[in-house]
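What you see is a predicted model; the values in this text were computed from it and never measured. Lettering of chains follows the sequences in order, A, B, ..., and the numbering in each one begins at 1.
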There are 2 protein chains.
Amino acid sequence: MNLPTLRQLHYLVTVVELCHFGQAAERCFVTQSTLSTAIQELEGLLGAQLLERTKRKVIPTKLGIDLANKARDIISMTERLVLDAQVDRKPLSGVLKLGVIPTISPFLLPKVLPGVRSTFQDLELYLLEDQTQNLLERLSAGELDCAILALPFDLGGLEQQVFWQEDFLVAFPAGHPLSEGGPIASKALPDSELLLLEKGHCLRDHALAVCHMKAVANRASFQGTSLYTLVQMVAGGQGITFLPEMAVNDEFLAQNQIAVRPLSEKGPHRELTLVWRASYHRKADLALLADCMQGLLEKG
Amino acid sequence: MNLPTLRQLHYLVTVVELCHFGQAAERCFVTQSTLSTAIQELEGLLGAQLLERTKRKVIPTKLGIDLANKARDIISMTERLVLDAQVDRKPLSGVLKLGVIPTISPFLLPKVLPGVRSTFQDLELYLLEDQTQNLLERLSAGELDCAILALPFDLGGLEQQVFWQEDFLVAFPAGHPLSEGGPIASKALPDSELLLLEKGHCLRDHALAVCHMKAVANRASFQGTSLYTLVQMVAGGQGITFLPEMAVNDEFLAQNQIAVRPLSEKGPHRELTLVWRASYHRKADLALLADCMQGLLEKG
DNA sequence: AATTATTAATGGAGAAAATCGATTAATGAA
DNA sequence: TTCATTAATCGATTTTCTCCATTAATAATT
C-alpha cells in the first residue's frame, strides 16, 4: 500500500487546525506553495477531498477532520518513539543475559551477585550456566549479551575484561600420603590417581596445562560431572584433583574431609574474564560490571 | 522535533524481522545499500544503536526490537488511515447539515423526510430553520452543507438544483366579499387588507413581487411571524394574504375558517431549490437528495 | 593455509522529490 | 471601480533518495 508521508500528515493537521494555507505554511516553516502542493498530493493519494477551498475560505471536510485527528495520533506516536530512543538509559539497566561456566558459577555468583544487584538496581540479570564452547556459540548468536569464562581460551573476535585471577590447589583425601606439607610440584603427583571433570570443562584443560600432563592419563570412568561430585570422590579416597582457590574457600567444600596443598608452580593459573562481542553496543556497561565484580572480590 | 520517515520505520521493521540487510532490502524492493543507508540515518537521527551488525550477522538491540514494534503500530495506523479515506462512502451517508426557511420547513419536511430517511438509511440529518439571509451566511461559513430556499433570490456563487415549484393562492376570511369564485387578479385585491409576514421572510417579497405591490402598503403592526399565525389572523377577519399551495394543502391550515382562490396571474410563483457552495465536495449526494425530494413530492 | 562465498558498508552518479519564488486567478472589501 | 487577500500554478533549484559498483570483513571449504 502506498502510504502518505508523516510530513504530509503534519501539513494536513496544521491546515485543518488553522483553515488557512498561508498561516499553516508559516507555522510549518515552508512556503504556501509547498503546503498547497503537499495537500493536493495527499488528497490524490487518498482519493478523497480533505479540504473544501475557495480563494477566500478553507473548510475542512468531515473526512479531513477525521483524518487530521488520526494523523495527530500517528505523529505523536512517532514523537514518542523518538523520545523512547533517546531515554538516557542508566548504565546497566534493563535485561542483561549472562552466561557463566559451571566451574565458576557456584563459587563466584554467591559472592558478587548481591553486590552487583544493589549497585545496579535496575539490572535484570538472566543467567545461563553451560560450558565454554556452548556459551561462546550462544554469545555469537546473540542469545547472550556476555559471558564469564576462564582464560586461557580462544577468544575469536570477542572482546573481554579480566576481573580476577587465581591459582589452583591440589586436593587430597584426608590421610593421603601426600596430604601434608607446603607447596608441592605437579611432577610429584601420581598421574594415576588424578581425577578430572568430564570433557568440555575448561578447568580440565587448564589443570592439565598447569602441570603439563596429558588428558589420556585419566580413567574415563572417574570423570566428574561437577566440582562438588569431584570433591566428594576425592573425600572418598578415590583420587586427587586440582581445585581453583575459589572452590577451596567455598563453605560446602570446606566441610568435606579433604586436604589441600598449593602448587609450587607459580602463577595465576586461571583468569576470570567477562567477554562480549566486539560489535556489542553496551560495552561500557559491561566494563562497569567487570569493575564492580572485581571490587567486590577484592573486598573479600 | 525531527521525525523519522515512515519509510525508514518500515525498513527498520523489516530488518529487525529478517536480521538480514540483503533479504530485507529485497522484501522492500530496494537495494541493500539503500536500506543500509536508511537504517544508519535512522540511528543517527535517534542517537541510538538499533542493530548490532558484523559482516556476518545482524542482531537487533533491545531498543531496536522495541522501536520496531512501535514502528509497526505506527505504520498500521497509517495504513488504516488510508483505508478510512478510501471507504466507499454510500451516497448520502453520515452527517448532513441542512438549513430550511420557515415558510417551507413545516409543509415540506413532513411530506418528504420519512421518504428521505428510508431511502438513505445512513443519513444523519441536522436541521436548522432560519431566514434566507442567515442560512446563506451559515452556508458560506461552512456551518451548513446545504439549504432549502425559495427562488428567486440572489444565489451569489452558490449552485443549486430546483426540485419543486408552486403557485400562490389568495386567502380570505370565510364570508369575505371576494371569498367566492375562480381565479382572481391581484389588482382586484384591496391593498389595505393585505397581511404579510415580517421582514426577512422571502415569502413576503415573493408575494409582493407576484402582484407588483409595494411593501409599504402594509401596516407594520399586522406583520405575522409565521404562516400559522398569519392564517389565524386571516381567519379572524383581520385581512387577506397570499399562501403557497403547499401551505394550503396542509392539514392544520385546512381546519381554519378561510377561503382560497387562485391568482389569475399564471406561472410558478415560487421555486423550491436545494443550494450548496460551488466548492462543496459532495455535490453528487445533494443532487440525489433533490431528486429524491422531487420524486416524493410528485407522488403526492 | 589458501580459496571461495557471503555480507554490510561505502562512494559516486543519476533520478526523484521537495521546496522556493514569482505569477495568476478568484474573491471580498473599501 | 480599485485594492487586498488568498490558493493554485509554473519553472528553477536544492535536497533527498536510490542505484550500481566496489570494498572490507568474515565464515566456510578446499
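Residue pairs meeting the salt bridge (Lys or Arg N to Asp or Glu O under 4.0 Å) criterion with at least one member in residues 138-153 of chain B, sequence neighbours excluded, are B:R138-B:E143.
Listed for the A:K70 side chain is no donor-acceptor partner under 3.5 Å among the backbone atoms of B:T78. Although no hydrogens or angles enter the test, the distance criterion places no donor-acceptor pair under 3.5 Å between the side chain of B:H20 and the main chain of B:V58.
Here chain B contacts DNA chain D (any atom closer than 4.0 Å to a heavy atom, that is under 4.0 Å), and the contacts span D:dC17 to D:dA27 from 5' to 3'.
Between B:E52 and B:T61, the side chains place no donor N or O within less than 3.5 Å of an acceptor N or O (distance only, hydrogens not considered).
A residue-by-residue look at B:T5 and A:S140 shows that B:T5 has its nearest nucleotide of DNA chain D further toward the 5' end.
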Could you run down nucleotides 5-11 of chain C 5' to 3' and tag each one B, S or - for protein heavy-atom contact under 4.0 Å? -BBBBB-
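For B:S279 against A:Q49, the heavy-atom pair with the smallest separation is O-NE2, 4.0 Å.
A:L45 places its CG atom 12 Å from the P atom of C:dA17, with the value rounded to the nearest Å.
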Show your reasoning for whether side-chain contact (heavy atoms from CB on, under 4.5 Å) applies to A:L63 and B:H281. CA-CA 11 Å; A:L63 182 64; B:H281 57 296; over 6 Å; no
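Heavy atoms from other residues, nucleotides or ligands lying under 6.0 Å from NZ of A:K283 number more than 12.
A salt bridge links A:R53 to A:E43: one of the charged nitrogens lies within less than 4.0 Å of a carboxylate oxygen.
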